[in-house]
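Note sheet for the following structure.
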Amino acid sequence: MKIATFNINGVRARIETLTGWLSEAQPDVVVLQEIKTQDEGFPAEPIADLGYNIETHGQKGFNGVAILSRYPIEDVMRGLPGDDTDEQSRYIEATVVGDRAIRIAGLYLPNGNPFPGPKFDYKLAWMERLRARGQALLAAETPAVMLGDFNVIPEPRDAAHPERWLDDALFQPESRASLRRIIHDGWTEAVRLRDPDATRGPFTFWDYQAGAWQKDNGIRIDHILLSPQAADLLVDLGIDRDERAKDKPSDHVPVWVTLDA
DNA sequence: ATGGTTGTCATACAA
């Protein structure tokens with residue numbers, strides 16, 4: 001089962017970017033972030049035509065997440081638990097049933113800029129809620145995958161120019177420590193397994209501005225966390241870096257794992 | 001210090 005995350009940066013504006021990648025990469029399950037549409041505006045037909053079931057958690061104008069799956073989607077949960085007043089659509093969780101059932105948590109973690117300020121406070125509070133939800137998923141002792149745009153640069157080597165991010169919410173010590181706490185509860189960070197000793201990169205995001213892609217001025221902020229039972233099924237992983245060079249790209253590229261499931 | 005880009009919605013805001 002190939003499971004991917006893709007911050008599409010507007011699914012209506014980039015539907016052909018998405019369907020082109022789906023046709024080429026053939027993922028079984030995809031979590032999308034920044035669909036930037038309400039549920040009723042989601043361009044379901046061209047995606048369903050490629051064989052995907054669709055569950056969305058949309059929002060007008062900003063944010064919005066979705067799950068696409070070639071397998072049946074069951075027990076959908078919309079919104080991150082822990083704050084009834086939170087109206088931002090940044091979390092969707094569901095079970096996909098292939099050879100085995102896998103719990104999928106698709107997330108769009110708050111950016112948190114400008115730092116400091118209320119948006120950064122919201123980011124840290126959201127991360128504490130995510131940690132609690134992650135602990136519940138781990139306690140189930142079943143295969144679970146928590147993946148998406150985490151908006152956190154884990155380490156200096158995850159940025160081409162880490163010194164430029166020192167004042168940014170994505171690279172604050174508090175953000176990084178919070179992500180470490182989540183992972184240390186028992187998750188396996190999949191992408192870093194490929195080259196554990198890399199001194200720079202790989203990256204998953206390149207800003208549209210100032211020729212960041214051409215200069216390979218990227219950061220790694222899209223992550224895939226595996227529960228122990230999911231990590232035991234890990235077969236392969238990758239970053240579809242080439243998508244960033246195509247027409248009308250998102251500023252993020254897809255990141256994926258293959259599980260024996 | 002500023003401008004550099006993009007999507008959405010309506011002229012800024014979020015990223």
Side-chain angles (χ1 to χ4, degrees), chain A residues 5-21 31-44 46-47 56-66 79-80 85-92 106-127 130 147-154 158-172 174-176 178-179 203-223 241 243-255:
Chain A
T5 174
F6 193 1
N7 181 322
I8 194 63
N9 188 22
V11 70
R12 288 178 294 173
R14 252 177 268 289
I15 184 61
E16 290 177 2
T17 301
L18 176 60
T19 54
W21 170 72
V31 296
L32 298 174
Q33 302 89 40
E34 288 203 82
I35 63 174
K36 293 187 176 180
T37 175
Q38 299 173 97
D39 295 338
E40 51 269 35
F42 189 90
I47 296 170
T56 61
H57 182 39
Q59 182 176 343
K60 183 175 182 175
F62 306 101
N63 304 325
V65 291
L80 182 62
T85 68
D86 185 0
E87 304 202 328
Q88 300 194 34
S89 296
R90 297 179 171 275
Y91 188 88
I92 186 168
L107 63 102
Y108 176 46
L109 208 148
N111 176 297
N113 282 302
F115 166 81
K119 290 187 175 179
F120 186 70
D121 298 340
Y122 173 65
K123 176 182 193 139
L124 293 183
W126 203 94
M127 292 185 80
L130 181 64
L147 73 170
D149 177 358
F150 281 70
N151 266 318
V152 176
I153 302 168
D158 294 309
H161 301 284
E163 72 281 2
R164 299 182 192 177
W165 294 91
L166 292 174
D167 296 327
D168 195 286
L170 278 60
F171 195 54
Q172 287 310 301
E174 297 96 321
S175 310
R176 296 168 56 197
S178 185
L179 178 59
F203 305 133
T204 66
F205 168 94
W206 296 260
D207 201 283
Y208 290 122
Q209 302 184 72
W213 167 247
Q214 289 75 12
K215 299 176 195 167
D216 196 24
N217 177 13
I219 53 176
R220 191 171 70 96
I221 55 176
D222 300 273
H223 306 303
R241 182 185 161 94
E243 291 301 308
R244 189 63 179 79
K246 296 185 177 174
D247 288 341
K248 207 164 168 59
S250 171
D251 40 7
H252 297 250
V253 295
V255 183

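In the text below, chain A, chain B and the rest are named by the order of the sequence lines, each starting its count at 1.
Scanning for side chain to side chain contact (heavy atoms under 4.5 Å, CB included) contacts around P162(A) gives P156(A), A159(A), F171(A), R200(A), with sequence neighbours left out. Checked against ring pair (Phe, Tyr, Trp, His ring centres under 6.0 Å), W213(A) has the following partners two or more places apart in sequence or in another chain: W206(A). Checked against side chain to side chain contact (heavy atoms under 4.5 Å, CB included), F120(A) has the following partners two or more places apart in sequence or in another chain: F115(A), K123(A), L124(A), A169(A), Q172(A), E174(A), S175(A). Checked against side chain to side chain contact (heavy atoms under 4.5 Å, CB included), T37(A) has the following partners two or more places apart in sequence or in another chain: V11(A), R12(A), I35(A), F42(A). With sequence neighbours excluded, the residues forming a side chain to side chain contact (heavy atoms under 4.5 Å, CB included) with D86(A) are D83(A), Q88(A), Y122(A), W126(A), R129(A), listed by chain and number. For the ring pair (Phe, Tyr, Trp, His ring centres under 6.0 Å) test, no residue two or more places apart in sequence or in another chain qualifies with H57(A). Legend: residues meeting salt bridge (charged side-chain N to carboxylate O under 4.0 Å, His left out) with R241(A), ordered by chain and number and at least two apart, are D216(A).
The interatomic distance linking Y108(A) (OH) with dA14(B) (C1') rounds to 8 Å, in whole Å. Between H161(A) atom NE2 and dG4(B) atom P there is a gap of 20 Å when expressed in whole angstrom units. dA15(B) atom P lies 13 Å from atom CH2 of W165(A), rounded to whole Å. Rounded to a whole Å, the CH2 atom of W213(A) is 18 Å from the C1' atom of dT6(B). Atom NZ in K215(A) sits about 13 Å away from atom P in dG4(B), given to the nearest Å. The CD1-C1' distance, from I8(A) to dG7(B), rounds to 12 Å in whole Å. Here the C1' atom of nucleotide dT5(B) and the CZ atom of R14(A) are 10 Å apart, to the nearest Å. In this structure, N7(A) places its CG atom 12 Å from C1' of dG7(B), rounding to the nearest Å.
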Nucleotide pairing, DNA chain B (Watson-Crick or G-U, distances under 3.5 Å), in dot-bracket with [ ] and |: ....((((...))))
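When the P atom is used for both dA1(B) and dT6(B), the distance is 27 Å, rounded to whole Å. A gap of 25 Å separates the P atoms of dG3(B) and dT8(B), to the nearest Å. For the P atom pair drawn from dA15(B) and dC9(B), the interatomic distance equals 15 Å after rounding to whole Å.
Heavy-atom nearest nucleotides on DNA chain B were determined for Q209(A) and for N151(A), and the one closer to the 5' end corresponds to Q209(A). Comparing P249(A) and K119(A) by the nucleotide of DNA chain B that holds the closest heavy atom to each, the one mapping nearer the 5' end is P249(A).
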Write down the protein N/O and nucleotide N/O pairs, taken from nucleotides 8-12 of chain B, whose separation is under 3.5 Å; answer none if there are no such pairs.
| from | atom 1 | to | atom 2 | distance (Å) |
| --- | --- | --- | --- | --- |
| dC9(B) | OP1 | G61(A) | N | 3.4 |

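No engagement by F205(A) is indicated, since no non-hydrogen atom pair under 4.0 Å with the nucleic acid exists.
For the pairing with N151(A), the side-chain contact (heavy atoms from CB on, under 4.5 Å) check across D222(A), L170(A), L107(A), N7(A) returns one residue only, L170(A).
Looking at K119(A), its side chain never comes within 3.5 Å of a backbone N or O of P110(A) through a donor-acceptor pair.
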